[in-house]
Amino acid sequence: MLAIPEWNGDVQAARELQRELAKGVIVRDDFPRPLRTVAGLDVGFEKDGAITRAAAVLLDADTLEVIDQQIVRIPTRMPYIPGLLSFRELPALLPALEALARTPDLVMIDGHGIAHPRRLGIAAHFGVITGLPSIGVAKSVLVGAARPLHDTRGAHTPLRDKGEQIGWILRSKPGCLPLIVSPGHRVSMAAAPELVMRFATHYRLPEPTRLADRLASRRDERRHRPEAG
DNA sequence: GCGACAG
DNA sequence: ATCTTGTCGC
């Protein structure tokens, strides 16, 4: 049901599945208007990589207030292989999303959307199997090239591969390395950078991804506690 | 054959 | 991703 088979070491089969799933990716705006909630997803590792820890943070789209946050830990099943990141991280991210108090209107994921060799980065993969609108927000390029970027907040230039635009290089914060933003599912090429900037305050990463990043990589073993005072 | 290569 | 303190720069 998850469209993610147990890892059997078959890289070729995984790539073929990506080409198949990529056909279902919708790159046009088809998300709730106005947006009520946004979620940020990211993954971290514990025990020398033996444990995969996924973090999901749900925010109010207008106030950026944190509504809920969840952490899910599972044994790591697969090694990191460039281009196959989603097979390694989605098994932990999906239950983390399910654990949230509400299903978000939009999901921002640490990694690429369609800015991928077979146009199915983790954000796109996540989108097609959950049906939720998604955007990929990565910190480095996997594939493609772009022209130099102005050091102005919000400046963005197309990321291209094989003659087609697959995403954008976005300067979310002056003086900082740019982000690589690409549509995941049900979000248009033009809307992707606008949405990321809408949720970016004074940090390089937009709030959804920044908070999930913090949760996923914290050194302590705590689980979030429902604060009583 | 030789590099590049999300996290 | 992760191992890790101080340090450089706006």
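Throughout, a chain's letter reflects where its sequence line sits, starting with A, and its residues are numbered from 1.
At whole-Å resolution of the value, CG in A:Leu179 and P in B:dG7 are 10 Å apart. For the pair A:Leu84 CG and B:dA4 P, the computed distance is 20 Å after rounding to whole Å. The distance from atom CZ of A:Arg77 to atom P of B:dG7 is 22 Å, rounded to the nearest whole Å. Straight-line distance from the CG atom of A:Leu90 to the C1' atom of B:dA6: 13 Å, rounded to whole Å. Atom CD1 in A:Ile81 sits about 15 Å away from atom C1' in C:dA1, given to the nearest Å. Separating the CZ atom of A:Arg88 from the C1' atom of B:dC5 is a distance of 14 Å, rounded to the nearest angstrom. When rounded to the nearest whole Å, the span between CG of A:Leu120 and P of B:dA6 equals 16 Å. Note: CG (A:Asp42) to C1' (B:dG7) measures 8 Å, nearest angstrom.
Under a 3.5 Å cut-off, the side chain of A:Asp10 and the backbone N or O of A:Gln12 do form a donor-acceptor pair. Proximity of a side-chain donor or acceptor of A:His112 to a complementary backbone N or O of A:Val141 within less than 3.5 Å is not detected. A distance-only check finds a donor-acceptor pair linking the side chain of A:Asp68 to the backbone of A:Ala101 [under 3.5 Å]. A distance-only check finds a donor-acceptor pair linking the side chain of A:Arg88 to the backbone of A:Met78 [under 3.5 Å]. At distances below 3.5 Å, not a single donor-acceptor pair connects side-chain atoms of A:Arg204 with backbone N or O atoms of A:Ser172.
Note on A:Ile122: a base of the nucleic acid sits closer than 4.0 angstrom, heavy atoms only. Residue A:Val141 is in sugar-phosphate contact alone, with no base atom involved, counting any heavy-atom pair closer than 4.0 Å across all strands shown. Contacts of A:Asp110 with the nucleic acid, taken as non-hydrogen atoms under 4.0 Å apart, involve only primed sugar atoms and P, OP1 or OP2. Residue contacts for A:Gly175: at a heavy-atom cut-off of 4.0 Å it reaches no nucleic acid atom on any strand shown. Using a 4.0 Å heavy-atom distance criterion, A:Gly44 is classed as a sugar-phosphate-only contact.
A:Lys139 has no side-chain polar atom (N or O) that falls below the 4.0 Å cut-off from OP1 or OP2 of B:dA6. Not one side-chain nitrogen or oxygen of A:Ser140 sits closer than 4.0 Å to the OP1 or OP2 atom of B:dC5. Proximity of A:Lys47 to the phosphate of C:dT2: no side-chain N or O atom is located under 4.0 Å from OP1 or OP2.
For A:Arg219, taking side-chain heavy atoms from C-beta onward, the closest of the listed nucleotides C:dC3, B:dC5, B:dG7 is C:dC3.
Look at A:Tyr80 and the base of B:dG7; the rings stack, centres closer than 5.5 Å and planes less than 30° apart.
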